[in-house]
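Counting from 1, the numbers follow the sequence of the chain as shown.
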Amino acid sequence: MTQPATAAQKQAPTSAAKPAEDEESSRRPGLRWDVRSLSLLGVLAVLVTVGGITAPDQFLATSNLQLVLTQASVIGVVTVGMTFVITSGGIDLSVGAMVALASVWATTVATQEFGFAGILFTAVIVGVGCGLVNGLLVAYGRMVPFIATLAMLASARGLALQITGGSTQVVTVGSVLDLGARDAYILGIPPLVLIFAAVTVIGWLLLNRTTFGRRTVAVGGNAEAARLAGIDVRRQRLYLYLLSGLCCGIAAFMLIVLAGSGQNTNGNLYELDAIAAAIIGGTLLSGGRGTIIGSVLGVLVFTTITNIFALNNLETAVQQIAKGAIIVAAVLVQRRSLRGGDA
């Protein structure tokens, strides 16, 4: 006599099929992000073509391409740190102000007396210190990241203005200025671009090949589930804001080398550029997914657009409109791709 199937037996086929479904769903996001990166490469290729057609003698010149990469390097380093914060479900509106504060603190007369090492150390430690304050407020003070980093934005900008008195602090340390000179280029590549490349590689490895990266994604995807899985969510968030501050400190030093000075206006709107680059690169603003390569491509797209507009003497207002349109389009594509993945 045939025994009736138990509830567990009835559910067995579904349970057996679930791994295959999970495997398929795990492949689709990866494929989606690869397609996004290829799309950004396509956009970048189109922009290079447009630049070559509209200003062939200027845009395709080696010096101009070096300039584009150098300008992308500073905001690119900031964007790497921002990508980690957004992936965890947070936000950092203070990155531009932290760059400004670190750059002016590192270029005071007292700091410059310690030479190259003093400027570099001060820029990095100020960035990390600001990141520590953000992390403590968000992770242990339980403040909303938007509010905590907005407060840091105002405070850091105010302190930078207080230090400079509204004046430009000129760098007199020759070894720092030499780093930005053409004689310092390695095989035609500016040192700042090499620094950006190193930060990008380290950031990619950290996000994709380490436990720290997996914890970052887990916290952004579901903080409560991450906590139940044994992840110290508060400590992880603290580390992420420290990382963002570290990137801002490095970017501040790069900006000092590039400009040869420190100003309280440095890093203006860096927070918007970094967030925009991360979003169009494929990092989810709600957290849970991030891509360093996509963020870097986003930075290159925006920097190339700025360069093309400048070479063609187009108004800044038109440039900002174009950037806004790209951001809106990227978010719409992101939402559509997520709906397609959930279907």
Does CZ in F114 sit with more than 12 non-hydrogen atoms of other residues, nucleotides or ligands closer than 6.0 Å? no
Can you name the closest pair of heavy atoms from F302 and A276 and give their distance? CE1-CB, 3.6 Å
Name of the residue among V201, L207, N208 meeting side chain to side chain contact (heavy atoms under 4.5 Å, CB included) with W204: N208
Are L101 and V170 joined in one hydrophobic group, where the rule is that I, L, V, M, F, W and Y side chains link up if heavy atoms are under 4.5 Å apart? no
Measure the OG-CD1 distance between S39 and I280 for me, rounded to the nearest 0.5 Å. 11.5 Å
Keeping T283 on the side-chain end and I279 on the backbone end, is there a donor-acceptor pair under 3.5 Å? no
Exercise: do S167 and T164 side chains pair donor with acceptor under 3.5 Å: no
Are M143 and L136 connected, step by step, through hydrophobic side chains (Ile, Leu, Val, Met, Phe, Trp, Tyr) whose heavy atoms are closer than 4.5 Å? yes
Do Q66 and I189 have side chains that get closer than 4.5 Å, going by heavy atoms? no
Transitively linked via ILVMFWY side-chain contacts under 4.5 Å: I305 with V46? no
Test side-chain hydrogen bond (donor to acceptor under 3.5 Å, both in side chains) applied to D92 and T149, step by step: CA-CA 6 Å; D92 191 347; T149 57; 4.5 Å; no
When you look at N307 and T304, which way does the side chain to side chain contact (heavy atoms under 4.5 Å, CB included) test go after all the steps? CA-CA 5 Å; N307 184 257; T304 304; 5.6 Å; no
Less than 4.5 Å apart, any side-chain heavy atom of Y241 and any of V138? yes
Could you tell me if S103 and N266 have a donor-acceptor pair between their side chains, going purely by distance under 3.5 Å? yes
What verdict does the side chain to side chain contact (heavy atoms under 4.5 Å, CB included) test give for I250 and L120, after you've listed the backbone C-alpha separation in whole Å, the side-chain angles of each residue and the deciding distance to 0.1 Å? CA-CA 8 Å; I250 296 173; L120 175 59; over 6 Å; no
So do the side chains of Y140 and R235 get within less than 4.5 Å of each other, counting heavy atoms only? yes
Distance from L258 atom CG to L177 atom CG, nearest 0.5 Å? 11.5 Å
So do T87 and T291 actually touch side chain to side chain, heavy atoms under 4.5 Å? no
With the 4.5 Å side-chain cut-off for hydrophobic clustering, are L272 and I75 part of the same group? no
Sequence neighbours left out, what pairs pass salt bridge (Lys or Arg N to Asp or Glu O under 4.0 Å) with at least one residue falling in residues 209-230? E224-R227
So, the side chain of T210 versus the backbone of G213: is there a donor-acceptor pair under 3.5 Å, distance only? yes
Keeping the roles fixed (side chain from T54, backbone from V50), state whether a donor-acceptor pair exists under 3.5 Å. yes
Does any donor atom in the side chain of T172 or Q112 lie under 3.5 Å from an acceptor atom in the other side chain? yes
Going by atom types only, do S244 and N134 share a side-chain donor-acceptor pair under 3.5 Å? no
Residue pair E271, L153: steps toward the side chain to side chain contact (heavy atoms under 4.5 Å, CB included) verdict: CA-CA 10 Å; E271 55 276 1; L153 183 156; 4.1 Å; yes
In this structure, are over 12 heavy atoms from other groups packed under 6.0 Å from F121 atom CZ? no
Are R157 and N264 packed together at the side-chain level, in the sense that at least one heavy-atom pair is separated by less than 4.5 angstrom? no
Minimal non-hydrogen separation, V233 against A223, with atom names: CG2-O, 3.6 Å
Taking all non-hydrogen atoms of both residues, which atom of L179 and which atom of F253 are closest, and how far apart? CD2-CE2, 4.0 Å
Could you give me the CA-CA distance, side-chain angles and deciding distance for V176 and I256, then say whether side chain to side chain contact (heavy atoms under 4.5 Å, CB included) is met? CA-CA 8 Å; V176 173; I256 292 170; 4.2 Å; yes
Cut-off 3.5 Å, side chains only: do S295 and T83 have a donor facing an acceptor? yes
Which atom of A106 lies closest to which atom of A123, heavy atoms considered: CB-N, 3.8 Å
Taking all atoms of both residues into account, what is the closest heavy-atom pair of L47 and F59, and its distance? O-CZ, 4.5 Å
Just so I know, are the side chains of V296 and T79 near enough to count as touching, which here means a heavy-atom distance under 4.5 Å? no
Hey, what do you get for OH (Y239) to CG (D232), rounding to the nearest 0.5 Å? 8.0 Å
When rounded to the nearest 0.5 angstrom, what distance separates CD in Q263 from OG1 in T168? 3.5 Å
Can you check whether L300 reaches L69 side chain to side chain, under 4.5 Å on heavy atoms? yes
What orientation do F84 and F212 show, parallel under 30°, tilted 30 to 60°, or perpendicular over 60°? tilted
From L246, L238, L240, residue fulfilling side chain to side chain contact (heavy atoms under 4.5 Å, CB included) relative to L242: L238
Treating Ile, Leu, Val, Met, Phe, Trp and Tyr as nodes and any side-chain heavy-atom pair under 4.5 angstrom as an edge, say whether L269 and V99 lie in one connected cluster. no
To check you understand the geometry: which heavy-atom pair defines the closest contact between Q236 and T216, and what is its length? NE2-OG1, 2.9 Å
In Å and rounded to the nearest 0.5 Å, what is the SG to CE distance from C248 to M98? 3.5 Å
Interatomic spacing from CZ in R237 to CG in L137 - rounded to 0.5 Å: 13.5 Å
Would you call I53 and T49 a side-chain contact if the rule is heavy atoms closer than 4.5 Å? yes
